[in-house]
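Reckoned from all heavy atoms, side chains included, excluding hydrogens, waters and symmetry mates.
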Amino acid sequence: MEDKRTETGVAAMAACYQRFDPAAYLQYNYTPPRADFERKDSIVPWKLACLHRAFTEGDVSGELLVDIGSGPTLYQVLSGCEVFNQVLLTDFLEVNREELRHWLQGEGGCSLDWTPYLQHVCKLEGRRPSAWTEKAAKLRQVITDILPIDVHRPQPLDSDVLPSDGADCLVSCFCLESVSPDLPAFTRALGHIGRLLRPGGHLLLIGALGESYYFGGPGVKIPVVPLSEAQVCASLSESGYTLIRLEVYTLPQDMRVGVDDVSGVFFVKARKD
């Protein structure tokens, strides 16, 4: 009975996403005030700083980085592309994979200009902002594919995609809690993606705290599992990860722009046992 309920919940979540609008989602979340690079308390610079730090501390390394549930965004791999020789982007929705392909192939038609993001990460790396063109070229060089994924399957990616021992690092931002019908499904999804990671490999996870919904387009209200810090930590432990660091960002009032009811964001650096 529980398995049937789970299947029904997962199917309902998949149905929610059929009207997802990448351009609207990017406008809601990746433009000012949430992406104001002049403000230290803006959410996007906070996320980029967390990722930059995690990728440059020296313990996250290897050949292959996999981004789980990329959505239509690239910011989550802008620091990782300097560490890993191969980056795989993944998403459940073809419309998101198409958005990413537009940028990767440099053919225009992108719904967001990623130049300010590239410039900001160059500054974090101690380079001049004008080096963003080099970073963009590097990113296009190391992204080797954009693949479909389903985190609710025990094997989320096709079995022949990864090396036999798995990826060296996974990064995932605002994916698992926003595609899971409940907390047990979120925890199971954490376990499923862990099967893609080699033992001792790292997981970098960014997600929403206290969020029950967000808009994936005009009138497209998508339910979210409202997580607490304690639930995130418990789910990680249950799924075979050792927590290295948890950081929390609390949204200032003017970042609460009506496209969701998120109260905070967590950043996790963890290692697979």
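In this structure, Arg153 contributes its side chain and Gln155 its backbone to a donor-acceptor pair below 3.5 Å. Between the side chain of Ser178 and the backbone N or O of Cys175, at least one donor-acceptor pair lies under 3.5 Å. At least one donor-acceptor pair under 3.5 Å links the side chain of Asp21 to the backbone N or O of Ala23. Between the Arg34 side chain and the Met255 main chain, a donor and an acceptor come within less than 3.5 Å of each other. Side chain of Asp36 to backbone of Ser42: no donor-acceptor contact under 3.5 angstrom is found. Asp91 contributes a side-chain N or O that, together with a main-chain N or O of Leu93, makes up a donor-acceptor pair within less than 3.5 Å. A distance-only check finds a donor-acceptor pair linking the side chain of Lys272 to the backbone of Gly194 [under 3.5 Å]. His52 places no side-chain N or O within 3.5 Å of a backbone atom of Ser79 that could act as its donor or acceptor partner. Checking side-chain atoms of Ser70 against main-chain N and O of Thr90 turns up a donor-acceptor pair under 3.5 Å. The main-chain N or O of Gln105 is never found under 3.5 Å from a side-chain atom of Arg140 such that the two would form a donor-acceptor pair.
Annotation for Ala24 and Gly217: closest pair CB-CA, 3.9 Å, computed over non-hydrogen atoms. Of all non-hydrogen atoms in Glu229 and Leu209, the two that sit nearest each other are N-CD2, 3.8 Å. Heavy-atom minimum distance, Pro181 versus Val10: CG-N, 3.9 Å. Between Arg39 and Pro45, the closest heavy-atom pair is O-CG, 4.0 Å. Nearest approach of Val87 to Cys81, heavy atoms of both residues: CG2-CA, 4.5 Å.
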Salt bridge (charged side-chain N to carboxylate O under 4.0 Å, His left out) evaluation trace for Arg198 with Glu63:
CA-CA 12 Å; Arg198 67 168 173 80; Glu63 181 69 21; over 6 Å; no
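Leu183 places a side-chain heavy atom less than 4.5 Å from the side chain of Leu227. Side-chain contact between Leu170 and His202 is absent, with no heavy-atom pair separated by less than 4.5 Å. Side chains of Pro163 and Leu64 form a contact here, defined as non-hydrogen atoms less than 4.5 Å apart. Using a 4.5 Å cut-off on side-chain heavy atoms (C-beta onward), Tyr117 and Leu78 make contact.
Under the side chain to side chain contact (heavy atoms under 4.5 Å, CB included) rule, Val77 has a single partner from Val83, Val142, Leu88, Leu65, which is Leu65. The only option from Lys47, Lys269, Arg53 that meets the salt bridge (charged side-chain N to carboxylate O under 4.0 Å, His left out) definition with Glu247 turns out to be Arg53.
In the model, Asp273 has a side-chain atom that pairs as donor or acceptor with a side-chain atom of Thr242 under 3.5 Å. For the residue pair Glu238/Thr187, the side-chain donor-acceptor check at 3.5 Å is not satisfied. Defined by atom type and a distance below 3.5 Å, a donor-acceptor pair is missing between the side-chain atoms of Ser263 and Glu211. For the 3.5 Å distance criterion, the side chains of Glu177 and Ser180 fail to qualify, holding no donor opposite an acceptor.
Residues Tyr214 and Tyr28 keep their aromatic ring centres 6.0 Å or farther apart. Ring-centre distance between Tyr75 and Tyr30: below the 6.0 Å cut-off. Separation of the Phe20 and Tyr25 ring centroids falls under the 6.0 Å cut-off.
Annotation: cation-pi geometry not satisfied between Arg127 and Trp132 (NZ/CZ under 6.0 angstrom from ring centroid, within 45° of ring axis).
Clustering ILVMFWY residues whenever any of their side-chain heavy atoms sit less than 4.5 angstrom apart, transitively, puts Tyr17 in the very cluster that holds Leu176. Residues Val257 and Phe37 are members of separate hydrophobic clusters, defined by side-chain heavy-atom contacts under 4.5 angstrom among Ile, Leu, Val, Met, Phe, Trp and Tyr. Placement of Leu26 and Val259 in two distinct hydrophobic clusters is found when ILVMFWY residues are connected by side-chain heavy-atom separations under 4.5 Å, directly or transitively. Ile244 and Ile206 are not part of a single hydrophobic cluster, where members link through side-chain heavy atoms under 4.5 Å apart.
Taking CD of Glu99 as the start and NE2 of His102 as the end, the distance is 6.5 Å to the nearest 0.5 Å. To the nearest 0.5 Å, atoms CD (Gln141) and CD (Gln86) are separated by 12.0 Å. The CZ atom of Arg97 sits 14.0 Å away from atom CG of Leu104, with the distance rounded to the nearest 0.5 Å.
Between Phe55 and Phe84, the ring-plane angle classifies as perpendicular under the 30° and 60° cut-offs.
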